[in-house]
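A quick write-up on the structure given underneath.
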There are 2 protein chains.
Amino acid sequence: MKIDPKNPADLSAQIAKAIRDAIICGDLPVDERLPSEAELADQFEVSRPTVREALKRLAAQSLIRTQRGATGGAFVNRLKFEDAYGQQITTSTLLLSMNEISFATACEARYALERACAPLSAKRRTADHLATMRAEAHRQSQPGLTDEAFCASDVAFHRALVDAAGNPVLSYQLAGAVEAMQPLMNMITFSARSREKIVTLHTQIADAIAAQDGVAADMHLSALAGYTQELAQGVIAQRQEKRG
Amino acid sequence: MKIDPKNPADLSAQIAKAIRDAIICGDLPVDERLPSEAELADQFEVSRPTVREALKRLAAQSLIRTQRGATGGAFVNRLKFEDAYGQQITTSTLLLSMNEISFATACEARYALERACAPLSAKRRTADHLATMRAEAHRQSQPGLTDEAFCASDVAFHRALVDAAGNPVLSYQLAGAVEAMQPLMNMITFSARSREKIVTLHTQIADAIAAQDGVAADMHLSALAGYTQELAQGVIAQRQEKRG
DNA sequence: AATTTTCATTTGTCAGACAATTAAACGTCT
DNA sequence: AGACGTTTAATTGTCTGACAAATGAAAATT
């Protein structure tokens, strides 16, 4: 863990990497206290500000947490899903907004994921998940709903669908895809006709999940995926125009 | 972008957040140069080391890159898939190694994702992807292969399968799941019998993809998922023992 | 005009200092 | 002896000032 070549240019990055590797390979177990900044500075033969910059890098990745005071210091953090969510969403949002990936690609990935969840959700869904899905589908049918509220309800519906699969890894990966797409989804104007179609599909999906029929759920999700792509098409064209 | 309450405890974190938000919401476009550290220090009314710690946090997330020299400075980074890969893998590895998620959960998510790819892969696979899959399946049937080499080939096979879907978002999400599971997969001792079974399934999957038959590919993937879980069961029990 | 030199700007690092926080050690009182 | 308040030491968070290294632009020279 004391690797430091004679290249005095990326010291803080090198130190961060050394500590990160030690954490990943298990040399530093969860809740282990790292040496104090002064001690680290001695070990790596650098100054304290340099050590601090390295620690901040790790803190940004939620790899460590720091605490002030006599028994304080930097501790290896047990990475929580909550933390991972945030990073995933930030990353996905940027990948999408910087045009590194297209809306169509993100949309395809999102629905592929949701369809992957469908059989699991059908098997494991609880009354809670079902109730949420039905409640959101009903809300979406209310007239006078703003586009944003409709969108938010849509997200809630799909979140319930995915959470019903009872697999936090899938929930976590979906979170990134869905959240990142929110800004663009909000740009879509949902006509009464399109809303009606979406609500119908949502209801069919909920029914399939209730009946524990994964195949039917998959089918309706597939239809919904196609329809969403269709609706988004207009927005994408509009966006491209503004850009060019 | 100049939000700074009178709480002088998390200054670098607050500054990092302010800049991060500015990047995400588009106020700071890609390749835009941030003010110099000295200027930022003036704007936020903090010292330069504090600004630097904030910038290091952003650098750790690949949100900015820095360059020395007269025309240097910190620039908003165009987030590359490559960067996102690395972060995703680090995060996934830690979530798994810190027991925040079980192997079974990760495995389920991984195969659910692969099955989501199957129809797309069947539709879009190129000769290259097919050749890779067949080559790896063949390699896996060679006697005298070490468990590690078998595992590596297994990863290559699945990577080709996923990449064939032509959706970088799915490839990216799978990368995290697969890489994170590597250490545990490497602990599995593959008997000649189990290898044979896996190779058979791989061949069937490749055949299905070649025939552009998504349903068949899904079926064989499902069988492979079940078998992998079965094989892993022993390793998990072993691991639990060592722990308890 | 081309090349070299100088220079200003900016990041990377260092040294030393002080404030804020926190828990443990200590002392005091009941 | 035990409970409670005080001191103290350790540690992070921040500041000030400084120098080194890199780098492109401007100036000087050929």
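This structure is a prediction, so every number in the text was calculated from the model and none was measured. Letters A, B, ... are given to chains in the order of the sequence lines, protein chains preceding strands, and every chain is numbered from 1.
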Could you list the donor-acceptor pairs under 3.5 angstrom formed by side chains in residues 69-82 of chain B, with sequence neighbours left out?
from: B:Asn77; atom 1: OD1; to: B:Arg65; atom 2: NH1; distance (Å): 3.3
from: B:Asn77; atom 1: ND2; to: B:Ser62; atom 2: O; distance (Å): 3.3
from: B:Arg78; atom 1: NH2; to: A:Met98; atom 2: O; distance (Å): 3.0

- Message: Quick check on C:dG12: is either OP1 or OP2 less than 4.0 Å from any side-chain nitrogen or oxygen of B:Thr66?
- Response: yes
- Taking only residues two or more places apart in sequence, or in another chain, which ones meet B:Ser171 in a side chain to side chain donor-acceptor pair (under 3.5 Å)? B:Asp163
- Task: Quick one: pull up CD in A:Gln88 and CG in A:Asp83 and give me the separation to the nearest 0.5 Å.
- Result: 13.0 Å
- Note on the structure: Testing D:dT14, D:dT11, C:dC14 for proximity to the side chain of A:Thr50, the answer is C:dC14
- Task: Answer yes when A:Glu136 and A:Arg139 have at least one side-chain N-carboxylate O distance shorter than 4.0 Å, and no when they do not.
- Result: yes
- Message: So if I take every side-chain heavy atom of A:Ala70 and compare against D:dC15, D:dA9, D:dT12, which nucleotide ends up nearest?
- Response: D:dA9
- Task: Send over the distance from A:Arg33 CZ to C:dT22 C1', rounded to a whole Å.
- Result: 13 Å
- Message: Nearest to the side chain of B:Arg68, heavy atoms from C-beta on, is which of D:dT12, C:dG12, D:dT14?
- Response: C:dG12
- Test side chain to side chain contact (heavy atoms under 4.5 Å, CB included) applied to B:Thr50 - qualifying residues, sequence neighbours left out: B:Leu11, B:Ser12, B:Ile15, B:Val46, B:Ser47
- Residues pairing under side chain to side chain donor-acceptor pair (under 3.5 Å) where one sits in residues 178-188 of chain B, two or more places apart or in two chains, turn out to be none
- Query: More 5' along DNA chain C: A:Gln67 or B:Gln67, using each one's nearest nucleotide?
  - Reply: B:Gln67
- Per atom distances to the B:Arg48 side chain, the nearest of D:dT14, C:dT13, C:dT21 is C:dT13
- Using atom CD1 of B:Ile64 as one end and atom C1' of C:dG12 as the other, report the distance to the nearest whole Å. 14 Å
- Message: Please classify the nucleic acid contact of A:Arg65 as base, sugar-phosphate, or nothing, using heavy-atom distances under 4.0 Å.
- Response: nothing
- Within residues 105-114 of chain B or reaching into it, pairs that qualify as side chain to side chain donor-acceptor pair (under 3.5 Å) - sequence neighbours excluded: A:Arg124-B:Glu108, A:Asn167-B:Glu108, B:Ser102-B:Thr105, B:Arg110-B:Glu114, B:Tyr111-B:Thr228, B:Glu114-B:His158
- Check the distance between D:dT11's C1' and A:Asp42's CG and give it to me in whole angstrom. 14 Å
- Could you give the NZ-to-P distance, from B:Lys56 to D:dG13, as a whole number of Å? 17 Å
- Message: For DNA chain D, which residues of residues 71-78 of chain B approach it to below 4.0 angstrom with any heavy atom?
- Response: B:Thr71
- Take the protein atom CD of B:Glu39 and the nucleotide atom C1' of C:dT9, then report the distance between them rounded to whole Å. 11 Å
- Where the side chain of A:Ser47 is defined as all heavy atoms beyond and including C-beta, which of C:dT13, D:dT14, C:dA23 is the nearest nucleotide? C:dT13
